[in-house]
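Working notes for the structure below.
Every heavy atom of this structure was used, including side-chain atoms; hydrogens, water molecules and symmetry mates were not. Quick caveat: nothing in here was measured; it's all calculated off a predicted structure.
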Amino acid sequence: MRNLLILLIFLGMLSCGNSLSEKENQEYIKKGNDISQATFKALSEKLTEQMKLGGPAQAIPFCNVEAIPLTKQLSEDYNVTIKRTSDKLRNQGNKPSARELEIINNYHKLISEKKEITPIVEIDRNNNKHYYAPIKLKANCLACHGKVEEFVSIKTDSIIKSLYPNDKAIGYSEDDLRGIWSITFE
Ligand code: HEC
């Protein structure tokens, strides 16, 4: 019994330095959910507008130029760093860190085990909090990320290839894991 107590105290000390209470965890999940939803809304409003104006031929160059600055602007507004990243990149400017890639691979593993995937909050050794959440593809994403000829027209494909010669973000199906939100709170 006494040994067990000592062990528990020791384990408590190990985790104390870098861990969040359940309450803090919930707070950061909520903040992360709110910020990622607001960013998604801002991006998709602009995207829908451009798609209406001129289809993928207009919307792709728009994303090419505007997606990262828009995300940067929202990062400043919320005083955080907002990033969208993926294991199959289109824009090299969205490259994942080693930890982000681990999170993505772990989500893939959970999906293959038919388990639920949910947002995660972590604290790093510099005391920064990180929020990660899955980005899944919806039907209206397929015009630019789906299978060529089925959803992505040959014309759209050639525009994508001309702007992103190393594009990997194509050939997806609806509900596939496209990547993650990664939000850093300082
Ligand atoms: C009009 C074409 C188009 C549509 C529709 C589209 N995307 Fe993209 N997507 C792009 C382009 C171009 C980029 C690269 C520029 C950027 O956003 O950084 C991109 C990048 C991304 C990225 C960042 C990672 C990377 O590979 O660079 C994610 C995540 C993403 N898209 C998810 C989605 C989701 C989810 C949807 C549907 C809600 C969607 N996209 C709809 C064209 C599109």
K41 vs E45, salt bridge (charged side-chain N to carboxylate O under 4.0 Å, His left out): CA-CA, chis, key distance, verdict: CA-CA 6 Å; K41 194 164 167 266; E45 268 167 13; 3.4 Å; yes
How long is the gap from [atom1] on [X] to [atom2] on [Y], to the nearest 0.5 Å?
| X | Y | atom1 | atom2 | answer |
| --- | --- | --- | --- | --- |
| L110 | N106 | CG | CG | 5.0 Å |
| N64 | I160 | CG | CD1 | 11.0 Å |
| E49 | Q58 | CD | CD | 9.5 Å |
| T184 | N128 | OG1 | CG | 7.0 Å |
| N25 | E122 | CG | CD | 10.0 Å |
| Y28 | N33 | OH | CG | 14.5 Å |

Can you find a heavy atom in the side chain of [X] that is under 4.5 Å from one in the side chain of [Y]?
| X | Y | value |
| --- | --- | --- |
| L89 | N94 | yes |
| T39 | W181 | yes |
| C63 | R90 | no |
| Y107 | I120 | yes |
| K95 | T85 | no |
| E186 | N126 | no |
| K46 | E66 | no |
| D124 | R99 | no |

Test side chain to side chain donor-acceptor pair (under 3.5 Å) applied to Y78 and D34, step by step: CA-CA 10 Å; Y78 288 102; D34 288 348; over 6 Å; no
Which atom of [X] lies closest to which atom of [Y], heavy atoms considered:
| X | Y | result |
| --- | --- | --- |
| E174 | K138 | CG-C, 4.0 Å |
| P134 | L177 | CB-CD1, 3.6 Å |
| K155 | A57 | NZ-CB, 3.9 Å |
| V152 | G146 | CG2-O, 3.3 Å |
| I170 | C144 | CD1-O, 4.3 Å |
| L101 | P96 | CD1-CG, 4.0 Å |

Test log, rule side chain to side chain donor-acceptor pair (under 3.5 Å), inputs D87 and H108: CA-CA 10 Å; D87 51 336; H108 278 303; 2.9 Å; yes
Are the side chain of [X] and the backbone N or O of [Y] linked by a donor-acceptor pair below 3.5 Å?
| X | Y | result |
| --- | --- | --- |
| T71 | I82 | no |
| R84 | I68 | no |
| D167 | A169 | yes |

Q26 and its side chain to side chain donor-acceptor pair (under 3.5 Å) partner, picked from E24, K30, E22: E22
Within 45° cone of F151 ring axis and under 6.0 Å: K147 NZ or CZ: no
Give a yes or no on whether [X] and [Y] share a hydrophobic cluster (residues Ile, Leu, Val, Met, Phe, Trp, Tyr; joining criterion: side-chain heavy atoms under 4.5 Å apart).
| X | Y | result |
| --- | --- | --- |
| I159 | F62 | no |
| L74 | I135 | yes |
| Y172 | V148 | no |
| L137 | F40 | no |
| I117 | I29 | no |

Ion pair check, E100 and K83, cut-off under 4.0 Å: yes
Basic-acidic side-chain contact under 4.0 Å: K31, E27: no
E150 atom CD: more than 12 heavy-atom contacts under 6.0 Å: yes
